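Computed from a prediction, not measured in an experiment: that's the story for all the values here.
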Amino acid sequence: ADPNENDGKIYEFSLDPTCESPAVTPTPTPTPVTTAIANSSFEVDANGDNRPDNWSSSPKFTRSSEQAQLGTYSGKFLISDNTGATITQTVKNLTGGTSYNIGAFVNIPPLSDTDFSITLKVIWKNSAGSTVGTSVIKAYTSQTAGWDQGSIIANATGTTTTASVQVVVKKLNGTIYVDNYTLTPQ
């Protein structure tokens, strides 16, 4: 190991003029906050099927490098028959009564379609799989000026153990992109 290489440790120094040598107190590096949603930025496609891993599958939803809010890829809805699609991911090991920061980015380019909608939401579920609550993060019915972030702080209902994170698109003739869907305890 190179003795001049940064090992990632952070040290806090305290200089006391009455002391001949400074006291060195190691400070642990804080752990970065990560989202409970797997492949939240739609970057991973390990099996090469052009569908983001860890999300439900739909022929109307693919991984795309055309637009990305952060990273290289985003999720892309491409629907040309005035129908819709829903993609979901089940997030486990949640704690009822906990507040969560939930958000995602949406990019809706100009469309001639004026009857579509896209809704970002979370369905809270108990250990039996029954719905105990719903939180709508944001709903869209028109184009965005580039990437737009929808975000809320939502309280998981007291008996929540899992959640279904969803992107619901209805009546679309066009393309919509989503990226960086996050769910983190507050």
Short question: side chain of Asn173, backbone of Asn82 - any donor-acceptor pair under 3.5 Å? yes
Between Asn39 and Val44, is there a donor-acceptor pair closer than 3.5 Å when you use the side chain of the first and the backbone of the second?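 Answer holds: yes.
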Decide whether [X] and [Y] are clustered together by the hydrophobic rule: side chain heavy atoms of Ile, Leu, Val, Met, Phe, Trp, Tyr closer than 4.5 Å, transitively.
{"X": "Tyr73", "Y": "Ile176", "result": "no"}
{"X": "Val132", "Y": "Val122", "result": "yes"}
{"X": "Tyr177", "Y": "Ile108", "result": "no"}

OG1/Thr182 to CG/Asn101 distance, rounded to the nearest 0.5 angstrom?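 Going from the OG1 atom of Thr182 to the CG atom of Asn101 covers 7.5 Å.
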From Asp115 atom CG to Lys170 atom NZ, the distance as rounded to the nearest 0.5 Å: 11.5 Å
Is there side-chain contact between [X] and [Y], with heavy atoms separated by less than 4.5 Å?
{"X": "Gln143", "Y": "Leu111", "answer": "no"}
{"X": "Ile118", "Y": "Leu172", "answer": "no"}
{"X": "Ile123", "Y": "Gln166", "answer": "yes"}
{"X": "Thr34", "Y": "Thr184", "answer": "no"}
{"X": "Leu183", "Y": "Leu94", "answer": "yes"}
{"X": "Thr88", "Y": "Thr90", "answer": "no"}
{"X": "Leu78", "Y": "Thr62", "answer": "no"}
{"X": "Val167", "Y": "Gln89", "answer": "no"}

Can you list the residues that meet the side chain to side chain donor-acceptor pair (under 3.5 Å) rule with Gln67, with sequence neighbours excluded? Asn107
Kindly indicate, with the supporting measurements, whether the criterion side-chain contact (heavy atoms from CB on, under 4.5 Å) is fulfilled by Thr175 and Lys76. CA-CA 7 Å; Thr175 303; Lys76 175 184 173 182; 3.7 Å; yes
Report the residues that fulfil side-chain contact (heavy atoms from CB on, under 4.5 Å) with Thr95, sequence neighbours left out, ordered by chain and then residue number.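 Counting only residues at least two positions away or on another chain, Thr95 forms a side-chain contact (heavy atoms from CB on, under 4.5 Å) with Thr98, Tyr100.
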Quick check: closest heavy atoms across [X] and [Y], and the distance to 0.1 Å?
{"X": "Thr86", "Y": "Ser56", "value": "O-OG, 3.8 Å"}
{"X": "Gly133", "Y": "Thr157", "value": "CA-OG1, 4.1 Å"}
{"X": "Gly97", "Y": "Asn155", "value": "O-OD1, 3.1 Å"}
{"X": "Asp53", "Y": "Ala46", "value": "OD2-N, 2.7 Å"}

Could you tell me how the ring of Phe42 sits relative to the ring of Phe61: parallel (under 30°), tilted (30 to 60°) or perpendicular (over 60°)? perpendicular
Residue pair Gln69 / Asn180, side-chain donor-acceptor N/O under 3.5 Å: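 Indeed, the side chains of Gln69 and Asn180 share at least one donor-acceptor pair under 3.5 Å.
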Under the side-chain contact (heavy atoms from CB on, under 4.5 Å) rule, what do Leu70 and Phe105 come out as? Steps first, then yes or no, please. CA-CA 10 Å; Leu70 183 66; Phe105 287 85; over 6 Å; no
Before you tell me yes or no, could you show the steps for Trp124 and Ser135 under side-chain hydrogen bond (donor to acceptor under 3.5 Å, both in side chains), namely the whole-Å CA-CA distance, both residues' side-chain angles and the distance that decides it to 0.1 Å? CA-CA 8 Å; Trp124 306 103; Ser135 298; 2.9 Å; yes
Throw together a table of side-chain donor-acceptor distances under 3.5 angstrom for residues 145-154, partners on residues two or more places apart or in other chains.
{"from": "Asp148", "atom 1": "OD2", "to": "Lys138", "atom 2": "NZ", "distance (Å)": "2.7"}
{"from": "Asp148", "atom 1": "OD2", "to": "Tyr140", "atom 2": "OH", "distance (Å)": "2.6"}

side-chain contact (heavy atoms from CB on, under 4.5 Å) for Trp55 and Val165? Distances and angles first, verdict last. CA-CA 9 Å; Trp55 291 91; Val165 177; 4.2 Å; yes
Please lay out, stage by stage, how Ser164 and Lys121 fare under the test side-chain hydrogen bond (donor to acceptor under 3.5 Å, both in side chains). CA-CA 8 Å; Ser164 175; Lys121 66 181 178 178; over 6 Å; no
